[in-house]
Protein chains: 2
Amino acid sequence: MATVQLPDHDASADASAPAFSPLYQQIKALITKSLQGGEWKPGEAIPSEMELAARYKVSQGTVRKAIDELSAENLLVRRQGKGTFVATHAEQQVQFRFLRLMPDDGERGGVERRFLDCRRLRAPADVARALELKSGDTAVQVRRLLFFRGRPVVLDDIWLPGHLFKGLTAERLSEYKGPMYGLFESEFGVRMIRAEEKIRAVAADETSAELLALTPATPLLSVERLSFTYGDKPVELRRGLYSTASHFYRNELS
Amino acid sequence: MATVQLPDHDASADASAPAFSPLYQQIKALITKSLQGGEWKPGEAIPSEMELAARYKVSQGTVRKAIDELSAENLLVRRQGKGTFVATHAEQQVQFRFLRLMPDDGERGGVERRFLDCRRLRAPADVARALELKSGDTAVQVRRLLFFRGRPVVLDDIWLPGHLFKGLTAERLSEYKGPMYGLFESEFGVRMIRAEEKIRAVAADETSAELLALTPATPLLSVERLSFTYGDKPVELRRGLYSTASHFYRNELS
DNA sequence: ACGCATTTGTTCGTATGTATT
DNA sequence: TAATACATACGAACAAATGCG
């Protein structure tokens, strides 16, 4: 049963405090908690609406509204006739869900990766701040290249909290087929559900120019991504350099 | 009443044809048509859910679901206790709804504009293609600068279909207080509801460098925006150059 | 090939709560 | 306080998609 099920009114209610939340929001929170706790794993089906309604002692429509919102937030995926499933990064359909770079001509074909580096070290101050680590905490740094049609296009510098990614090595990264966030999900139980990006234009330095096979000072997109898991906890800082000679960053406004 | 209300099945139904749509989708289409036709103007309230239910001879819940989607798409705005309103660009709250550039420190303060140019001419081939104009059709070209805290940060080159914007002049642009899309709405009846952006990194040329008060070859964000009105009709092509020395393009992924 | 059970999707109706005027 | 409008919640019925026997 939902915890504080609408106790008529609260006579001591004061202004500007939420103090109450609709039933379906409470159900939504309970479902989110189960997701966070790993009761249902990515790719799996959650119980049917009827079962959840019975479990929480609410109507099916209330469960439905909770799931509607979770599915709008891409935490769940509904499939008519089959059930409702926990969203996953390890699926063909939505592969590279977070990668917005597109080739000038047509669709994005196969993407190859090359991992340059993967090591554990004390998090630099700015990384520690972004990931909400204590100074001195260890972080994992991964550097990699992405190739579109054989050409290097993206150079990523990725920072992860060390305590969440024990045992992450370049080998495991290389072996794993599919998106990196799929590996994080299945091997480390860390699920990226949202991210914020800050995009700038910068000039390529010597190193990145060589890796991306272009001349120094070429303008590049600098994409700094902060990724969050449940509860808006930051769990990845990713600094990418994108070559936009024959690709562009695609965005939808509405 | 909605037109083709679920004619059981179509015996001749073939694969991959829609051939049917839920009632609430039909209602949504009817409401969209009224919006497009100008029956309710930006900022105005549309009829209440009950009234619409009566008009279309469906239940309130069905109208509600249609409005839910339209409001999720930012075509309508619901306000509890007051009604449902047609979204507008001419409001303080959502001003610069489409501008994603943010200063490195804190919030975006007041933005000043300076219009450099506004003229009518035959649309260049690439512009005509993007705006779906016939070759030879006239277009309006607007060039302007945006200033953040007194400093020039954005240089926009804007192209509009000539036949929709008769009488648009630099004076009218300058006189109008508020976002340009607000002017388009109220003076020309053209409502931007969606846009696609292609973002690249480029080097500043002589002209843009001077206008943005920086040195040539400085990396800049190139933001090409194609804006759409109802029915996914393109009605604006905007090419922006953003200085990202102390600002960044902010994006949310989910 | 057919039917059946399961699950989500759609639609209706009704009642009550909350916000605004 | 009352009227109005959107928001929440319940219940019920049927449709459509899927998978199994």
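Naming: A, B, ... by sequence-line order, numbering from 1 per chain. Every value quoted in this text rests on a predicted model; they were computed, and no experiment measured them.
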May I have the distance from [X] (atom [atom1]) to [N] (atom [atom2]), rounded to whole angstrom?
X        : N       : atom1 : atom2 : answer
Leu52(A) : dT6(C)  : CG    : P     : 17 Å
Glu69(B) : dG9(C)  : CD    : P     : 12 Å
Ile27(A) : dC10(D) : CD1   : C1'   : 13 Å
Lys65(A) : dG17(C) : NZ    : C1'   : 13 Å
Tyr24(B) : dG13(C) : OH    : C1'   : 20 Å
Gln26(A) : dG17(C) : CD    : P     : 16 Å

What residues, two or more places apart in sequence or in another chain, satisfy side chain to side chain contact (heavy atoms under 4.5 Å, CB included) together with Val77(B)? Arg79(B), Ala87(B)
is_close_aromatic(Phe165(B), Phe184(B)), centroid dist under 6.0 Å: yes
Given the side-chain rings of Phe148(B) and His247(B), with only the six-membered ring counted for Trp, is the space between their centroids under 6.0 Å? yes
Of Leu75(B), Val235(B), Val86(B), the one forming a side chain to side chain contact (heavy atoms under 4.5 Å, CB included) with Arg191(B) is Val86(B)
Does dC10(D) have OP1 or OP2 sitting under 4.0 Å from an N or O in the side chain of Thr62(A)? yes
Nucleotides 3-6 of chain D: which of its N/O atoms have a protein N/O under 3.5 Å away?
unit_1	atom_1	unit_2	atom_2	d
dC6(D)	OP1	Thr84(B)	N	3.4
dC6(D)	OP1	Thr84(B)	OG1	3.3
dC6(D)	OP2	Glu49(B)	N	3.0

Considering residues, nucleotides and ligands other than Arg172(B), do more than 12 of their heavy atoms fall under 6.0 Å from its CZ? yes
Passes salt bridge (Lys or Arg N to Asp or Glu O under 4.0 Å), Arg194(A) versus Glu196(A)? Steps please. CA-CA 7 Å; Arg194(A) 193 180 75 77; Glu196(A) 293 177 2; 3.4 Å; yes
